[in-house]
Every structure is written in structure tokens, then in C-alpha cells.
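Shown next, in C-alpha cells, is the structure this report addresses.
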Amino acid sequence: MRLNWLRHSLLGMGLAIAAAQPVHAADKVLERGNYLLNGIVACGNCHTPKGPDGKAIPGQDLAGGTVIEVPVFRAVAPNITPDRETGIGSWTDAQIITSIREGKRPDGSIIGPPMPIEMYRDLSDSDAKALVAALRAVKPVANKTEKSTYKIPLPPAYGPPVGRVADVSPQNQVRYGGYLASIGHCLECHTPDDKGRLIMTRLGGGGRMLPSFPSGVVMSANLTPGNPDGVAHWSSAQFKTTMRTGIRPDGRALVRTMAFDWYKSINDSDLNALLAYLRTLKPIKN
Ligand code: HEC
Ligand code: HEC
């Protein structure tokens, strides 16, 4: 009798653990996804509409409509909320991951710039799944956005299929910082370009002209140790303050092209990793 009870309760506990585990794992995945989406990855810096003050419009997370205009294109960030009609609610997880890492929609068409697809190719499988979980948890908003127009041809693909991408261990601080710099596409903006193609020999060297806010253009900064006044020579505390507030150590407010409102939730260890990586960039004089 007693033994039977024990067996039953153990069985019951086993089932309870088995049932609880996937829920727990799913919570962790969503937590990671939200951390990335609302922090370093900051899809919303392009996909969330902003008001005249440059701040994200409340209740419109990822609803699209932001126009990014340069001489060779007029790109409109689409609605990527889970709305089934006007957003990406009807796409499968795999289709969403392909759109992010390979720049290909379910209908086979290519997503144009400035979405930093080439940087997103590095996004690990588990982080990609976490991002999808977070995207699905966003409030669906019905908002049909206009189509982008490009005066340049879009590539047939951004590269071969991505396949599997392993996680980078945070234990290796510099490599992990490099990974964060990819998924945060820091060097997309901070590397000079020649007609839209990044000049990889000048990685992180700055000097790229980017749309400013609310209008005009702004030149990105040289993040390499070759800039004597630059971030590679700042203290970790100075770097964190700048990334979270948009105010440089000398007190100058940076143009809000960067996603400071998202970056403020990046944790200390990730910011330390980013800085450790930036300090290893090849010094470039600019
Ligand atoms: C620098 C700005 C920028 C960033 C950052 C960005 N996107 Fe985009 N995204 C765009 C633009 C612009 C388009 C439309 C391009 C076009 O019309 O071909 C687009 C298109 C898309 C599409 C295709 C949607 C459709 O209905 O056609 C998806 C999905 C998408 N982005 C998801 C994301 C996700 C997820 C992230 C973050 C991981 C992200 N984007 C980051 C600018 C950006
Ligand atoms: C959408 C483009 C864009 C992205 C993405 C971006 N930056 Fe920037 N960043 C800029 C621009 C433009 C400036 C210069 C703004 C100004 O001078 O007012 C800047 C300035 C900075 C500065 C100040 C440097 C100085 O010497 O004044 C730092 C530090 C920095 N970025 C680091 C980063 C890091 C780290 C990332 C990735 C997490 C990142 N940026 C992503 C566009 C970008």
C-alpha cells in the first residue's frame, strides 16, 4: 500500500517534471528572444514607427512604415507583427528565420537594403529561434505599409543557404563580442562603403554617411583603436554610459541614428564583451 503510494507519487512527480520542463524551456527561449529583440538586435529601430520626437510610438511595436530614403532607394520597413493579413503572422518559424538570415521571403522574393542581412547570417540557430518566439509574442497590429522602391538591382541571393549556425560561447569574451557586433550590425554602419558595398579592409573605420534624424545625413564614427579619441580608448563605464544614453564622455549628444532606446537594456557583461571586441579591431586612421 505504502509502496504503491510512493510509486504513484513518484510517477506523478515524474510526469509533472516532464510536463513542466518544456514550459520552462520555452520561457527561457522567449526571455532570450525578448532580451535580443529589445536590446542589441533592435529590429524596432527600423521596423517600429517613430514620432516627430524620434521616440518609438507606443502600441506600434514593429508595425512598420518607417521610410529610409537615400539616393538609390526609398525603403519602407514592413509590418513584422504577428498580424496575419498585414504582418508576418502566417509565416512559419523556418520562413521567418530564412527572411532574417538569408533575406528571402516565403514567396522567394529578396528583401532589399538597408536590412543588414549579411550580418544576420551569423545569427545562431538557437538565437534565431528565440527571436522568432519574441516576434510571435508582439501585439499584432493591422498596418499595411507601402512598397519599397530600388533604383539598384537587388542581388539574386545574399549567399549560399545559411544551414546550421552554432552558438558562440560567452566564455570567449572577444569572440562573443564579435558575435554581438554582428547581430547588432554595429560594423554595418561603422564601416565605410563604396556604392553600398562595405570596404572590409577598413572594418569599423567609420566614415559611412547615414540618414540622420530628423533629416539630413550623419557620418558614423571610427570605432577602431586607430582613433585616439575613440571608443577603444574609453573606460568600460564610459562606453556603457554612451551606449545607454547616447551621450559621449565629452558630453556631446550623438545623433540618434543608433538604437539607444533599445541598447539601454543590454546587460553589463554583453557590453563588456562588445568593448573587448572593438579593442581588437585593426587600427584604422580616419
Ligand atoms: C536597418 C533597418 C532594418 C533593420 C535593423 C531590420 N530591418 Fe527588416 N526590413 C527593413 C526594410 C527597409 C525592409 C523592406 C525591404 C524591402 O522592401 O525589400 C525589411 C524587411 C523585413 C522583412 C520582410 C517583411 C515583408 O513582409 O516583406 C522581415 C521579415 C524583416 N525585415 C524582419 C526583420 C527582423 C526580425 C529584424 C531584426 C532581426 C529586422 N528586420 C531588422 C529594415 C530593417
Ligand atoms: C544604424 C547605424 C548604426 C548602428 C547599427 C550602430 N551605430 Fe554606432 N554610430 C552611428 C553613427 C551615425 C554615429 C555617430 C553619431 C554622431 O556623431 O552624432 C555612431 C556613434 C557611435 C559611438 C560613438 C563613438 C565616438 O567616438 O563618438 C559608439 C561608441 C558607437 N557608435 C558604437 C556602436 C556599437 C557598439 C554598435 C553596435 C551595438 C553600433 N554603434 C551600432 C551609427 C550606428
Side-chain angles (χ1 to χ4, degrees), residues 37 41-57 60-91 95-121 123 131 135 138 140-159 161-162 183-199 207-220 255-259 262:
L37 185 66
V41 177
C43 311
N45 198 33
C46 292
H47 285 276
T48 297
K50 292 176 185 169
D53 57 354
K55 291 221 169 13
I57 300 175
Q60 294 289 307
D61 266 11
L62 305 181
T66 307
V67 176
I68 302 147
E69 195 156 13
V70 295
V72 291
F73 60 76
R74 182 176 193 278
V76 185
N79 179 350
I80 57 167
T81 72
D83 185 63
R84 292 185 71 85
E85 303 299 322
T86 61
I88 58 170
S90 64
W91 299 12
Q95 286 172 334
I96 296 175
I97 293 175
T98 302
S99 72
I100 300 172
R101 295 202 299 203
E102 298 179 24
K104 203 170 261 178
R105 298 187 185 86
D107 67 4
S109 62
I110 294 292
I111 297 172
M115 181 151 157
I117 306 290
E118 270 146 318
M119 303 268 153
Y120 291 160
R121 290 177 71 84
L123 188 68
L131 264 180
L135 289 169
V138 168
V141 177
N143 181 34
K144 193 160 169 50
T145 57
E146 83 189 81
K147 277 208 174 339
S148 308
T149 46
Y150 294 93
K151 293 182 198 152
I152 40 164
L154 298 184
Y158 290 97
V162 167
I183 66 174
H185 68 105
C186 312
L187 300 183
E188 169 96 19
C189 286
H190 284 277
T191 300
D193 72 314
D194 178 22
K195 297 187 195 75
R197 298 302 290 188
L198 297 184
I199 306 171
R208 190 167 193 194
M209 300 306 287
L210 297 158
S212 172
F213 187 85
S215 64
V217 286
V218 59
M219 192 190 276
S220 66
V255 171
R256 297 186 81 78
T257 303
M258 269 163 71
W262 285 262

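Excluded from the calculations below are hydrogen atoms, water molecules and symmetry mates; all remaining heavy atoms, backbone and side chain alike, are included.
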field: Side-chain heavy-atom pair Glu102, Pro161 within 4.5 angstrom cut-off
entry: yes
- request: Check for a donor-acceptor pair, side chain of Ser99 on one end and backbone N or O of Lys104 on the other, with a separation under 3.5 Å.
  value: no
- request: Could you grab the distance from atom NE2 of His190 to atom NE2 of His185, nearest 0.5 Å is fine?
  value: 10.0 Å
message: Minimum heavy-atom separation for Ile117 and Arg101, please, with both atom names.
response: CG2-O, 3.7 Å
- request: For the residue pair Leu210 and Val255, establish whether any side-chain heavy-atom pair is separated by less than 4.5 Å.
  value: no
message: On a heavy-atom basis, which atom in Pro106 and which in Gln95 lie closest, and how many Å separate them?
response: CB-NE2, 3.6 Å
statement: Value for SG (Cys43) from CD1 (Ile80), rounded to nearest 0.5 Å, stands at 5.0 Å
query: Side chains of Lys50 and Thr66: closer than 4.5 Å at any heavy-atom pair?
result: no
Thr86 side chain vs Asn143 backbone, donor-acceptor pair below 3.5 Å: yes
Atom of Ala56, atom of Thr48 and distance for their closest heavy-atom approach: CB-CG2, 3.8 Å
message: Just by distance, no angles: are the side chains of Thr81 and Asn79 close enough, under 3.5 Å, to form a donor-acceptor pair?
response: yes
message: Working note: Val141 + Asp83, criterion side chain to side chain contact (heavy atoms under 4.5 Å, CB included); need CA distance, chi angles, decisive distance, verdict.
response: CA-CA 6 Å; Val141 177; Asp83 185 63; 5.8 Å; no
task: State, to 0.1 Å, how close Ile110 and Ala157 come at their nearest heavy-atom pair, and which atoms those are.
output: CD1-CA, 4.1 Å
- request: Taking all non-hydrogen atoms of both residues into account, name the closest pair between Leu135 and Ile100 and its distance.
  value: CD1-CD1, 4.4 Å
- request: Mind listing the closest non-hydrogen atom pair of Val76 and Ser148 along with its distance?
  value: N-OG, 3.0 Å
- prompt: Does the Ser109 side chain pair with the main chain of Arg105, one donor and one acceptor, at a distance under 3.5 Å?
  reply: no
Separation of Met115 CE from His47 NE2 (nearest 0.5 Å): 5.5 Å
field: Expected output: side-chain Tyr120 to main-chain Gly103 donor-acceptor under 3.5 Å
entry: no
- prompt: Say you draw a straight line from OG1 of Thr191 to CD1 of Ile199; how long is it, rounded to the nearest 0.5 Å?
  reply: 9.0 Å
Under-4.0 Å salt bridge between Arg208 and Glu188: yes
- prompt: How about Met219: does its CE atom have over 12 heavy atoms from other parts shown lying under 6.0 Å from it?
  reply: no
- request: State whether the side chain of Tyr150 and the backbone N or O of Pro113 hold a donor-acceptor pair below 3.5 Å, judged by distance alone.
  value: yes
